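Remember, predicted model here, so these are calculated numbers, not experimental data.
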Protein chains: 2
Amino acid sequence: MISIQFGNEMLCKEARLALRDAIELLSGKWKICILQQLEFGDKRFKDLQEVVVGISPKVLTKELLELEQNLLITRTVNNTKPITVSYSLTPFALEAQAVYDALLTFGIQQRKRIKEAIAGNGSLQNVAV
Amino acid sequence: MISIQFGNEMLCKEARLALRDAIELLSGKWKICILQQLEFGDKRFKDLQEVVVGISPKVLTKELLELEQNLLITRTVNNTKPITVSYSLTPFALEAQAVYDALLTFGIQQRKRIKEAIAGNGSLQNVAV
DNA sequence: AAGTTTACTTTCCTAAAGGTAAGTGATAAT
DNA sequence: ATTATCACTTACCTTTAGGAAAGTAAACTT
């Protein structure tokens, strides 16, 4: 059904839509980072704020909501002294881990290449520092 | 060096930056689709416009330029009757293929899940149709 | 001379992403 | 009573992504 497996150029509609959905859900500055951090274990809101460097509470709230609505994480309210909320991955999120791995592998090589490429001209436009 | 391999929670700086670079480069609605289409072979500007459904010439130009600057594609001017320009993948782009594969696999499963989840409530918010 | 094809470019616009800063409300410690 | 902590929310603003439509320039066809 997925035309890439037949080697032709027409991505069948379902595959095209799947790709678009995945990009739409996982694109953006923060989602992959949040999922990655949750791979190490459940985290509270505040933990995530600290460990996902640079994210604001507003944006964190929004990202967590979207991930929850897409069934990749679950939100649990704990009855602790000052109330805390834990976020944890659902089993579904494991498939997103493959995306993370591929991005990391790619990113590491890409940084090497770009750094080499700019070694000659001195500018640093395409890699974060 | 990459802390994920040591199982702890501190992504070392280089890994974090690599991830950010990769997301920055490959995020967005079109890049992955363009790379995917070029996997099937070189394409001219006009071919890409047709095969990457919905993209405008302005945006296509911009995306191609960014991919070229990041060494993932090369641009070649052919001396044909009406001039044509071919775009082709560099060997580096092969690593991005892993990202595509992971996204597609994830996206297919994700669409299944979301469709099942909304089968009960009738809305269709999180999947493209 | 007029029209077609290719590969763009330019202008204008809207919507979404994301940042900053301050505020809220519940509970608990001092 | 005051202050602190946690998990947000709200208001405001800037930047970026992306879309629509038209235009341009070179070369070829008719």
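- Protein atom CG of A:Asn78 is 19 Å distant from nucleotide atom P of D:dT5, rounded to whole Å.
- Rounded to whole angstrom, the span from the CD atom of A:Gln49 across to the P atom of D:dC6 amounts to 10 Å.
- Closest non-hydrogen pair, A:Gly54 versus A:Trp30, comes out as C-CH2, 3.7 Å.
- Panel note: side chain B:Glu39, backbone B:Ile34; no donor-acceptor pair is recorded below 3.5 Å.
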Quick tally for nucleotides 17-30 of chain D: nucleotides whose base has a protein heavy atom under 4.0 Å get B, sugar-phosphate-only ones S, the rest -, giving SBBB------SS--
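- A:Thr90 and A:Thr74 are not linked by any side-chain donor-acceptor pair at a separation below 3.5 angstrom, with hydrogens and angles left out of the test.
- One finds a side-chain N or O of A:Lys46 lying less than 4.0 angstrom from the OP1 or OP2 phosphate oxygen of D:dC6.
- Spacing between atom CZ of A:Arg44 and atom P of D:dT5 amounts to 12 Å, rounded to whole angstrom units.
- With sequence neighbours left out, the salt bridge (Lys or Arg N to Asp or Glu O under 4.0 Å) criterion links B:Lys31 to B:Glu63, B:Glu66.
- In this structure a side-chain-to-backbone donor-acceptor pair under 3.5 Å is missing from B:Asp21 to B:Ala18.
- Using a 4.0 Å heavy-atom cutoff across all strands shown, A:Thr61 reaches at least one base atom of the nucleic acid.
- Counted by atom type alone, B:Asn78 and B:Thr84 present one or more donor-acceptor pairs between their side chains at under 3.5 Å.
- Checked by atom type and distance alone, the side chain of A:Asp47 pairs as donor or acceptor with a backbone atom of A:Arg44 at under 3.5 Å.
- Protein chain A contacts DNA chain C over a range whose 5' and 3' limits, counting nucleotides with an atom under 4.0 angstrom from a non-hydrogen atom, are C:dA17 to C:dA28.
- Side chain of A:Glu14 to backbone of B:Ile108: no donor-acceptor contact under 3.5 angstrom is found.
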